[in-house]
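Below, each value reflects all heavy atoms present in this structure, side chains not excepted, and no hydrogens, waters or symmetry copies. Within every chain, numbering begins at 1; the chains are lettered A, B, ... in the order of the sequence lines, protein sequences first and strands thereafter.
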Amino acid sequence: MRKFDLVVVGAGPGGSSAALAAAEAGMDVLLLERSRFPGEKNASGFALSTKAWRDFPFIADLDLPSMRYNRFCVAHILSPPPEMEERFSISSGPSRRMGYPEARDFFTVGMLRREFDQWLADKARTAGATLMLESLVTGLRRESGRVAGVVLEGGEEFAAPVVVGADGVLSATARLSGLREKWRPDQVISACAVDFEAPRERMDDVIHEAGFQAYFGPGIGGNYLVAYADGVHLGGPGVTNSLVSRLNRSHVKPARELLDTIAAPPTRRLLRALEARPREWQAHLLPWMDRMPTNIYTGGLMLVGDAAGLPEPLYAEGVWQAMYSGRLAAQVAMECLEEGDLSAASLARYLERLEESPVGKEFVGGAELRRLFEILGDPRLSRELTEMAVDLTVNLFMSAQEPKAECVARALPVLAENLPALMEVARIYLPMILQVEGERLRGHLAVLKGLAAALGGGAVGSGDAEA
Amino acid sequence: MVSEKPRSGKDARGGGGSDIDRFALTEVVPSPRDFIFVDAERCTGCGNCVAICPMDLWRMRGGRAELAEGYRENCMECGSCYIACEAGAVDFTYPPGGTGVSYRYA
Ligand SMILES: Cc1cc2nc3c(=O)[nH]c(=O)nc-3n(C[C@H](O)[C@H](O)[C@H](O)COP(=O)(O)OP(=O)(O)OC[C@H]3O[C@@H](n4cnc5c(N)ncnc54)[C@H](O)[C@@H]3O)c2cc1C
Ligand code: SF4
Ligand code: SF4
């Protein structure tokens with residue numbers, strides 16, 4: 001039986017990042033992957049966000065044939081089915097006020113997982129990790145009650161004092177270790193995607209850098225388009241519905257909803273303009289938790305990425321989270337190995353550090369944000385808000401149909417009518433913002449109070465406005 | 001005069017989602033063994049598996065769910081049926097290493 005310092009199960013972004021960090025630090029690492037090449041099993045409409053550039057210096061070297069920069073996000077609000085015609089859209093380049101340079105330059109880069117996962121696994125291999133493909137882990141070795149290696153289907157065993165479970169949403173290591181039997185239906189999204197190939201010139205002319213587009217609307221759950229160098233993915237359902245709530249509501253098949261969005265007139269026009277041809281049909285589960293899971297380690301084992309349920313609570317972005325948690329798990333494994341203590345108590349620092357990290361921070365207010373999504377997904381509210389937005393933007397700046405005052409006058413009653421819902425949105429949002437950014441914002445509140453006093457509008461909040 | 005052009009929907013050129021042939025657009029190296037197991041005794045007939053499967057591999061018959069016999073040729077290993085079954089009637093593992101669904105453009 002071969003022995004390693006660390007066995008990593010799964011060569012997705014989480015596993016390869018763990019193996020890379022451990023191998024670079026001189027550990028003897030085994031990386032096990034069930035597929036024939038890394039990325040073969042990972043359906044994902046993949047866009048890597050700027051956080052990867054911020055946190056992983058080696059990402060600056062990323063140069064894959066399928067890459068397309070996304071510098072312009074578009075949200076299409078469609079009219080309800082069956083019409084599904086373009087009603088309103090919001091689009092923008094990145095904010096110039098973001099906190100680091102890449103975030104001011106682009107949102108994400110679209111690329112194929114087949115290329116990205118192989119690139120990352122190759123990096124781990126070059127750094128000295130041993131990569132074994134076509135190797136399905138079906139058992140865990142145990143020594144004195146702790147996980148101490150893995151067993152492959154067929155019986156081959158590998159020993160290691162610590163194992164990283166990077167085996168994705170249907171994690172066998174989570175199940176075998178007793179950390180989690182399986183997700184509840186409301187903790188995952190069942191997503192489908194269609195890959196279309198399109199000539200590069202068409203992509204450059206029609207899509208250019210509008211590389212992420214989402215489709216919302218009454219009764220439309222947020223399907224999305226991600227653009228690559230020579231094609232697009234249309235995926236869905238979006239994150240506004242979890243698997244079981246969708247089923248309970250209507251038994252509408254997620255696959256059906258995606259196909260309907262693809263058949264919707266605006267999408268069809270776009271696909272025709274792109275001369276796009278369907279190339280592949282994909283389906284995959286995705287964990288979607290509103291709070292960061294805490295049962296993600298036990299003696300001799302740490303779960304990372306999807307296996308740990310780390311995709312971010314609003315959009316379910318998960319690759320950067322997998323990379324971050326993978327690297328962190330490798331660092332903790334190294335420390336605990338040096339200390340000679342791989343007990344659950346010793347590995348508990350993995351969870352502590354993850355909770356304090358940017359990955360954990362994204363879960364602050366997760367449940368509240370989810371509630372916000374539900375409120376905005378309400379068909380009536382979504383219709384009213386759309387009409388209000390049209391009155392206050394397009395009608396004021398781009399249409400000569402009616403006197404401007406009419407548009408404003410019409411928008412105001414809508415605003416008043418929806419005040420309860422908008423208050424609900426504010427009630428959810430504000431405490432969350434204060435929790436994260438309290439100090440910084442209290443300064444701004446003081447400014448607002450001063451402004452209100454100067455305008456003679458009386459006190460905002462408490463009576464300290466006379467200051 | 002109001003335009004006679006149809007606003008939407010009735011586009012004559014077809015296309016879109018309707019011509020997406022899911023079966024033709026997936027590549028599977030069939031597993032040599034079973035990897036989804038149905039316990040008919042536990043099935044409550046709720047229909048979740050039928051509703052969720054992206055490949056329509058489940059049917060209701062006599063109030064119980066049935067998995068298509070040839071599922072190993074088409075299953076995408078998404079595990080949706082396994083998670084959606086709240087009665088614990090579906091068990092799921094992955095097919096052997098090197099077999100099963102193969103995505104080239106994911
Ligand atoms: C449709 C869709 C779109 C998405 N879009 C985005 C996006 O745009 N941006 C983003 O950041 N995230 C996106 N995500 C989420 C992202 O795909 C995941 O969060 C990410 O892949 C998690 O990485 P991971 O390494 O934890 O797991 P995975 O990528 O799932 O990797 C797990 C690996 O382990 C292997 N494996 C599993 N079990 C075993 C076993 N028993 N033995 C050996 N090997 C095993 C698998 O073959 C796989 O290679 C999307 C997800 C879906 C489903
Ligand atoms: S794993 Fe997915 S594709 Fe396979 S039968 Fe279950 S739901 Fe259908
Ligand atoms: S989800 Fe489970 S209980 Fe419901 S019909 Fe399918 S197998 Fe039966």
Region of B/F92 in contact with chain A, defined by heavy-atom distances below 4.5 Å: both
A/H233 side chain vs B/Y105 backbone, donor-acceptor pair below 3.5 Å: yes
Would you say A/E181 has more than 12 foreign heavy atoms packed within less than 6.0 Å of its CD? yes
For A/N42, which atoms come within 4.5 Å of any heavy atom of chain B: side chain, backbone, both, or neither? backbone
Taking the cut-offs as 6.0 angstrom to the six-membered ring centre and 45 degrees off its axis, would you call A/R34 and B/Y94 a cation-pi pair? yes
Test salt bridge (charged side-chain N to carboxylate O under 4.0 Å, His left out) on B/R33 and A/E153 and set out the steps. CA-CA 12 Å; B/R33 60 159 169 82; A/E153 180 170 43; 2.7 Å; yes
Can you tell me which of B/V101, B/L25, B/D56 forms the most heavy-atom pairs within a distance under 4.5 Å of chain A? B/L25
Proximity breakdown for A/F37 and chain B, heavy-atom pairs closer than 4.5 Å: side chain
Quick one: closest heavy-atom pair of A/P278 and B/I20, and the distance? CB-CD1, 4.1 Å
Using non-hydrogen atoms only, which part of B/V29 is less than 4.5 Å away from chain A: side chain, backbone, both, or neither? side chain
Start with the C-alpha distance between B/I83 and A/L170, add both sets of side-chain angles, then the distance that settles side chain to side chain contact (heavy atoms under 4.5 Å, CB included), and finish with yes or no. CA-CA 9 Å; B/I83 300 287; A/L170 294 165; 4.1 Å; yes
Check whether A/Q282 gets within reach of chain B through its side chain, its backbone, both or neither, counting any heavy atom under 4.5 Å. both
Option that, when pairs with chain B are counted at under 4.5 Å, heavy atom only, ranks first among A/H284, A/R36, A/E33, A/E40: A/E40
Of all the heavy-atom pairs spanning B/S102 and A/E280, show the shortest one and how long it is. O-OE2, 3.9 Å
Heavy-atom distances under 4.5 Å only: say whether B/E77 touches chain A with side chain, backbone, both or neither. both
Measure distances from A/R184 to the heavy atoms of chain B and classify the residue's part below 4.5 Å as side chain, backbone, both or neither. backbone
Please state whether the side chain, the backbone, both or neither of A/S44 comes within less than 4.5 Å of a heavy atom of chain B. backbone
B/R22 and A/A255: which non-hydrogen atoms are nearest, and at how many Å? NH1-CB, 4.2 Å
What distance separates B/E86 CD from A/D186 CG, expressed to the nearest 0.5 Å? 8.0 Å
State whether the side chain of A/K41 and the backbone N or O of B/Y103 hold a donor-acceptor pair below 3.5 Å, judged by distance alone. no
Does the distance from a Lys or Arg side-chain N to an Asp or Glu carboxylate O, for B/D91 and A/R175, drop under 4.0 Å? yes
How close do B/M55 and A/W281 get, counting heavy atoms only, and between which atoms? SD-NE1, 3.3 Å
Quick one: what part of A/L112 sits under 4.5 Å from any heavy atom of chain B, side chain, backbone, both or neither? both
Let's test your reading of the structure: which of B/A24, B/C85, B/P54 forms the most heavy-atom pairs below 4.5 Å with chain A? B/P54
Please classify the contact of A/A283 with chain B as side chain, backbone, both or neither, using a heavy-atom distance under 4.5 Å. both
